[in-house]
Participant: 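This is the structure I have questions about; it appears just below.
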Number of protein chains: 2
Amino acid sequence: MTDETPAFSSMIDKEREQKSTEANVAPLQLGKRVREIRLANNLTLEEASRRTGLARSTLSKIENEQISPTFQAVQKLATGLNIDIPQLFVNPQDARTSGRRDVTRFGEGRPHPTPTYEHEILANQLTNKKMLPYKSTVRARDFDQYPGWVRHAGEEFMLVLKGKVRFYTEFYEPVDLDTGDSTYYDGTMGHALVSISEEDAEVLWVTSN
Amino acid sequence: MTDETPAFSSMIDKEREQKSTEANVAPLQLGKRVREIRLANNLTLEEASRRTGLARSTLSKIENEQISPTFQAVQKLATGLNIDIPQLFVNPQDARTSGRRDVTRFGEGRPHPTPTYEHEILANQLTNKKMLPYKSTVRARDFDQYPGWVRHAGEEFMLVLKGKVRFYTEFYEPVDLDTGDSTYYDGTMGHALVSISEEDAEVLWVTSN
DNA sequence: AACAAATATTTCCTATTGGAAACTTTTCTC
DNA sequence: GAGAAAAGTTTCCAATAGGAAATATTTGTT
């Protein structure tokens with residue numbers, strides 16, 4: 001199964017490449033890293049304690065490098081604070097991507113037309129993004145216009161901005177989505193979209209890895 | 001800096017918990033993994049001990065899951081045996097989330113009101129998502145209504161669905177966004193949103209980890 | 001500035017880890 | 001298959017982690 005067109009496919013994939021990233025750097029200061037993560041999530045020690053099941057005091061000591069937590073503790077940390085353990089061993093913060101911002105004005109994304117969709121890539125000024133947002137006009141009017149299922153690695157979120165669409169997926173019955181409706185699905189499951197309103201429908205897509 | 005309200009904070013974070021995944025499953029048999037690696041390298045405990053600086057007995061206990069090594073010990077292990085720490089936590093393919101789909105009808109997300117926003121969480125039927133989508137009505141009319149910057153781990157994408165907003169960020173001048181405009185930014189950078197149209201503005205947010 | 005509330009650190013104590021050496025099991029060698 | 005050497009496990013104890021509560025610090029309010 002291919003994407004709508006090879007050109008689009010490779011184009012999207014090029015964007016995707018940016019998402020997977022860096023090498024693993026030494027665990028230098030676990031404590032600092034933990035504190036960073038906790039603060040980034042606006043958590044107090046108390047709250048973090050509640051979530052991880054570790055005592056407030058223990059967390060404090062870990063963050064201040066006063067103790068070397070047992071592996072058990074590290075696991076609790078990871079689960080409670082919602083971080084992949086490997087994340088703890090990656091450079092504290094990717095200086096490249098921290099503090100970034102990009103604004104895309106209405107209609108000013110990078111256009112990319114295909115037979116079935118009229119895509120407009122948003123936030124195209126930023127690279128190495130974790131998500132790829134794009135707005136699309138759904139030109140397809142019939143499922144048969146697709147050479148086959150569309151598939152992506154990762155998950156996708158879609159919101160209908162205008163018109164009405166029929167959403168086909170590999171493992172479910174098609175479902176009609178009206179303006180304002182949205183769906184979230186596994187991108188590796190085959191999927192496709194057609195307009196069923198007078199006008200071509202417009203949707204917003206955000207894909208993740 | 002706190003989030004808008006503790007309630008919202010914890011609420012969103014509860015959703016976020018779903019994102020963290022495997023990683024937490026894998027380390028169940030750290031010992032097994034270590035033994036595997038040691039044997040694959042044809043090392044005796046004695047030799048491994050020499051290389052890692054950990055006592056023979058300690059290594060034995062770790063491999064037999066009799067103790068939970070301290071983080072220090074794990075580091076020594078990794079360096080001495082020449083392995084990436086993340087390698088110890090290689091996550092297996094996740095079958096749980098493949099082929100999933102959730103549809104949220106207009107206005108049918110899970111509501112969550114706060115002083116500054118009226119949130120509606122989308123795709124709330126799915127757990128362990130990689131992204132968290134929600135639609136929000138921006139009640140705030142003035143930056144002062146925020147107790148401080150809002151911060152999240154990860155990156156965020158925002159699209160203005162209705163009305164007009166002023167987007168404040170820690171490292172940039174505020175920018176006005178009209179309906180249809182969008183922005184993508186590092187969530188750890190402080191940010192906040194206020195309506196500047198007659199009506200309360202409506203925006204779509206998608207956050208990633 | 002003074003007070004209260006929230007958040008973070010330190011103390012003190014118990015539980016667990018990590019190491020040296022004793023002990024056990026496995027693997028060679030004859 | 002007995003004995004010796006190598007490899008692995010367990011024991012015992014000193015060192016260190018982890019938790020509850022006291023103390024200190026920071027933040028917010030009047």
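Labels below follow one simple rule: chain letters A, B, ... track the order of the sequence lines, proteins then strands, and each chain is numbered from 1. These figures come from a predicted structure and were not determined experimentally.
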Participant: N/O contacts under 3.5 Å, protein versus nucleotides 27-30 of chain D?
Facilitator:
none

Participant: Test of understanding: with side-chain contact (heavy atoms from CB on, under 4.5 Å), list the residues that count as partners of Thr104(B), not counting sequence neighbours.
Facilitator: Ser182(A), Asp102(B), Leu122(B), Ala123(B)
Participant: Check salt bridge (charged side-chain N to carboxylate O under 4.0 Å, His left out) between Arg101(A) and all other residues, then give those that pass, not counting sequence neighbours.
Facilitator: none
Participant: Salt bridge between Glu63(B) and Arg38(B), side-chain N to carboxylate O under 4.0 Å?
Facilitator: yes
Participant: In whole Å, what is the span from the CG atom of Leu77(B) to the P atom of dT17(C)?
Facilitator: 15 Å
Participant: Between Glu155(A) and Arg100(B), is any pair of side-chain heavy atoms under 4.5 Å apart?
Facilitator: yes
Participant: Looking only at N and O atoms, is any donor in the side chain of Lys61(A) or the base of dG19(D) less than 3.5 Å from an acceptor on the other one?
Facilitator: yes
Participant: So which of residues 46-60 of chain B are in contact with DNA chain D, with a heavy-atom cut-off of under 4.0 Å?
Facilitator: Arg56(B), Ser57(B), Ser60(B)
Participant: Using whole Å, report how far CD of Gln72(B) lies from P of dG18(C).
Facilitator: 9 Å
Participant: Calculate the interatomic distance between Glu65(B) atom CD and dT10(D) atom C1'; express it in whole Å.
Facilitator: 17 Å
Participant: dG18(C) C1' sits how many Å from Glu63(B) CD, rounded?
Facilitator: 15 Å
Participant: Roughly, in whole Å, what's the span from CD in Gln75(B) to C1' in dG18(C)?
Facilitator: 16 Å
Participant: Before accepting this row, confirm whether a basic side-chain N of the pair Arg151(A)/Glu170(A) lies closer than 4.0 Å to the acidic partner's carboxylate O.
Facilitator: yes
Participant: Flag the pair Phe71(A) / Ile62(B) as yes when at least one side-chain heavy-atom distance between them is below 4.5 Å, and no otherwise.
Facilitator: no
Participant: If you assign Ile62(B) and Thr44(A) each to the DNA chain C nucleotide with the nearest heavy atom, which residue ends up on the more 5' nucleotide?
Facilitator: Thr44(A)
Participant: How about Phe167(B) and Tyr185(B): are their ring centroids closer than 6.0 Å?
Facilitator: yes
Participant: Just how far, in rounded Å, is P of dA6(C) from CG of Asn42(A)?
Facilitator: 17 Å
Participant: Among all residues two or more places apart in sequence or in another chain, which pass the side chain to side chain donor-acceptor pair (under 3.5 Å) test with Glu108(B)?
Facilitator: none
Participant: Should Asn64(B) be listed as having a side-chain N or O under 4.0 Å from OP1 or OP2 of dT9(D)?
Facilitator: yes
Participant: Test side chain to side chain donor-acceptor pair (under 3.5 Å) on His191(B) and Glu156(B) and set out the steps.
Facilitator: CA-CA 10 Å; His191(B) 54 278; Glu156(B) 304 202 315; 3.0 Å; yes
Participant: Answer yes or no: is there an ion pair linking Arg51(B) with Glu47(B), defined by an N-O contact shorter than 4.0 Å?
Facilitator: yes
Participant: State whether Arg35(B) places a side-chain N or O below 4.0 Å from either non-bridging phosphate oxygen (OP1 or OP2) of dA7(D).
Facilitator: no
Participant: Compute the bend angle of the helix from dA1(C)-dT30(D) to dC30(C)-dG1(D) from the end axes (five pairs per end), rounded to 10°.
Facilitator: 40°
Participant: Rounding to an integer number of Å, can you tell me how far Leu45(A) CG sits from dT10(C) P?
Facilitator: 12 Å
Participant: Under a 4.0 Å N-O cut-off, is there an ion pair linking Lys135(B) with Glu202(B)?
Facilitator: no
Participant: Identify the residue among Asp142(B), Asp176(B), Asp181(B) that makes a salt bridge (charged side-chain N to carboxylate O under 4.0 Å, His left out) with Arg166(B).
Facilitator: Asp176(B)
Participant: Name the nucleic acid region contacted by Ile67(B), choosing base, sugar-phosphate or nothing; use a 4.0 angstrom heavy-atom cut-off, strictly under.
Facilitator: sugar-phosphate
Participant: OP1, OP2 of dT10(C) versus side-chain N and O of Gln66(A): anything below 4.0 Å?
Facilitator: yes
